[in-house]
Amino acid sequence: MAAGVATWLPFARAAAVGWLPLAKKTMPKPPVDKSSKSDEILYVNVSGVRFQTWKNTLDRYPETLLGSSEKEFFYNEETQEFFFDRDPEMFRHILNFYRTGKLHYPRNECIQAFDEELAFYGIVPEIIGDCCMEEYRDRKKENQERLAEDTEANEAMDAPLPPHSTSRERLWRAFENPHTSTMALVFYYVTGFFIAVSVIANVVETVPCRPPKGSVKDLPCGEKYQLAFFCMDTACVLIFTFEYLMRLFAAPSRCKFMRSVMSVIDVVAIMPYYIGLVMPENEDVSGAFVTLRVFRVFRIFKFSRHSQGLRILGYTLKSCASELGFLLFSLTMAIIIFATVMFYAEKGTKGSTFTSIPASFWYTIVTMTTLGYGDMVPNTIAGKIFGSICSLSGVLVIALPVPVIVSNFSRIYHQNQRADKMRAQQKVRMARIRMAKKGTVNAFLQYKEDRDRHSDNTTLCVKNRSAFEHQHNHLLHCLEKTTNHEFTNEINYSELCMTESVGYRTSRSTSLSSQQGAQNNSTGCCPRRARRRAAMRLANSTVSVSRGSIQELDTLHIKSTSIPPQTRSSLNAQMCDLKLNCGEPDFSAAIISIPTPPANSPDESLPPSPAPVPGILRNTRATAYTHDNVKISSL
Amino acid sequence: MGAVVGTLTMQTKQRRPSRDRTDEEVEMATVCYRPEGLDQLEAQTNFSKQELQILYRGFKNECPSGVVNEETFKHIYAQFFPHGDASMYAHYLFNAFDTTNNGSIKFKDFVMGLSTLLRGTLREKLEWTFHLYDINKDGYINREEMTEIVRAIYDMMGKYTYPALKGDVPQQHVDAFFQKMDKNKDGVLTLEEFIIACQEDEIMMRSMQLFENVM
């Protein structure tokens, strides 16, 4: 829509004739349109491919290279055309953007090449149309991740240590990347070996060995060779403890390290041993002690440090947790339903194994998963009927949805991601549009301020304003005159409400000359003007508030202090708003909507005293020059 | 369980109706309108051929189908007035441009309206403005119609104005307007009353002159 808005401006201005009978005051003088009426065809030669387009088409976006005077740098006098030494295939898309107002991302092009072209032509990637935005973002993220991985791998591989690293840093590096030094590698394999040994010992411990002489019963090997196993266990635990303490010492952030999954696994793996040492050897607690031994099996998870695949699996499960949870929930529902039914169906039978509903859970699970152990069987006819229904539905419940759910996992997962992305994009877009609107509002207020300040000085910063901006500001000014009210922004409005309730206004009509604002070499040296407002006690708060709000806006706006080519690249790093090449700080609204930086047209319709003009309540810039032009006469 | 499968299929079903709706919309939008020849339009309006060419190129670029419907019109107009709500005024404006009253503005309507506003005689401009204010097109402007229009204009200003919009400012504005315009005090304005009163209004005449060269 942005392209066409400029087309409709003459129409909107013509329609302003409808306000004339209602206006209580004379309309302001319209800006003179100096541009030539006839449109000319421009020739653009991109690496030999000749494009032709109307000048007006390119002028639609004055913040880009082709729409601004920057293209003059590429003009070739002999051939009377603009020559660019860039990719002609990409240029086609760029030019289509000017023609249609929508930027599309060509799917077969490299994302980086595309980004570079956009940066060169001064186009912000955010304006890519909805149709191509998702693809663009996905490719860009992919590319960035790949780059990050590559750099990480490179660093890990052969990057030399920073020269003055402490032994602690070196130790940490050795632990994280065992390939860096031989010692680290040796340690890595040794730990791996001991993890395996410990796990195997735990397993073998329980195998029955031949009983010693004089006994009949088979003993588990653990008890037969108790001392040997104990020594092996001690050795393993010592190594694990040593490793854990070393990692803890070397970790750059100890708290973060202690909360990480791997360290928790480490702790869980070695704690049972120590607890067993500490606890006394009596019969009462030996049961608990035995339970603790179970935790020794967690040592097998220590292998995940050594295996990338295990880590990926864990991560996948974690990310699919919600889907799995839902699956479990629905299964639980089914189990409870069938267990209840079976229990009540079998209730009357003598010697029934369905002693309670929880007891029936076991039957339901075994039947639904088609295991059918046969330890619990229904005897009544109703029980058998429901039991068969249970096993049939078990087939449906387990066998059918599992592939469906597996495929739905990926589909729902990706869809959710897309929905979240779109929601986030939508939020960003709304925020951007709001910003642009604010920018437009503030731009107009800025224009008014300039108009007041430079009422006698006409040459400032006019050169880079487009006719469109002049005319749009004039239109808004006409509306103000028609309704005899003026536009302000939120902060000033709320402040006004407060002061009106106080009911005290001063009338002071001073207006400093515009000389102070005249030097506009760079935004940085716009002078601070002390704000004088007698009896407006809220002056300071307003200043700080409006300064704050504008600074907020400014994080998204770019302050152009230099020639456009330098700011173009920074353009792409920020949102759409843009400054023109003018020393005076301007607001220029986004490409999406109307660009309305403050114009500086001479305005004779601003009467000095009778009209109540809020001289105080102008927008201020983040460089915080505040306005001295206080004209209030309301009474 | 069945419930799981059921909920999953329900989700997919919800997505399909929206796709059907957009298919219908796509079909409707492919109908095209073409304006009359360039010569004829040049004869009927006060624009030169080149100006008509420039206007049409912009118009066609924006509305490839050749017509503007009210929604698009409101949207375009709203972009010029981000402070407030321009939809009501855009509605009245749309009706004023849509001389054939079929709910869409073709290029011919567009260019005829522009020609009147920008290049027409004073009387034509005033007649157009009268036509705009006369919402029900009965030849008379009464207070209610005027109040609607004025309210719509004030809506465009938005909330944050100086001085703040307190009380019934639109109504007061309408009263002042009728005071000035309604010579025989019968509560309605006819076209002749309107034109005579406007010609007597010096402020307005001066403003009219300023709007001569807007193109």
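Letters go in sequence order (proteins before strands), and every chain restarts at 1. None of the values given here were measured: they were computed from a predicted structure.
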Next on the checklist: Can you tell me how far apart OH (B:Tyr154) and CG (A:Asn484) are? Round to the nearest 0.5 Å.
Outcome noted: 6.5 Å
Checklist entry - If you count heavy-atom pairs under 4.5 Å between each of B:Leu126, B:Leu93, B:Thr116, B:Ile153 and chain A, which one has the most? => result B:Ile153
Next on the checklist: If I measure from the heavy atoms of chain A, does B:Met156 come under 4.5 Å with its side chain, its backbone, both, or neither?
Outcome noted: both
Checklist entry - Taking everything shown except B:Tyr140 itself, do over 12 heavy atoms lie less than 6.0 Å from its OH? => result no
Checklist entry - NZ of A:Lys438 to NE2 of B:His83: how many Å apart, nearest 0.5 Å? => result 13.0 Å
Next on the checklist: Counting only non-hydrogen atoms closer than 4.5 Å, does A:Trp19 touch chain B with its backbone (N, CA, C, O), its side chain (CB onward), both, or neither?
Outcome noted: both
Item to check | Contact class of B:Lys159 relative to chain A, heavy atoms under 4.5 angstrom | outcome: both
Next on the checklist: How long is the straight-line distance from CG of A:Leu479 back to CZ of B:Phe80, given to the nearest 0.5 Å?
Outcome noted: 13.5 Å
Checklist entry - Checking B:Val68 against chain A: side chain, backbone, both or neither under 4.5 Å from a heavy atom? => result side chain
Checklist entry - Any side-chain heavy atom of B:Val169 within less than 4.5 Å of one from A:His485? => result yes
Item to check | Minimum heavy-atom distance between A:Ala12 and B:Tyr77, given as atom pair plus value | outcome: CB-CE1, 3.9 Å
Item to check | Where A:Phe487 and B:Met157 come nearest, the two heavy atoms and their spacing | outcome: CE2-O, 3.3 Å
Checklist entry - Rounded to the nearest 0.5 Å, what separation is found between the CG atom of B:Leu118 and the CZ atom of A:Arg13? => result 9.0 Å
Checklist entry - Please walk me through it: do A:Leu476 and B:Phe81 pass side chain to side chain contact (heavy atoms under 4.5 Å, CB included)? => result CA-CA 8 Å; A:Leu476 291 172; B:Phe81 300 99; 3.5 Å; yes
Checklist entry - If you count heavy-atom pairs under 4.5 Å with chain A, which of B:Phe130, B:Trp128, B:Phe73, B:Phe194 comes out on top? => result B:Phe73
Checklist entry - What residues, two or more places apart in sequence or in another chain, satisfy ring-ring contact (aromatic ring centres under 6.0 Å, His included) together with B:Tyr92? => result none
Checklist entry - side chain to side chain donor-acceptor pair (under 3.5 Å) with B:Glu200: which residues, sequence neighbours excluded? => result B:Lys183
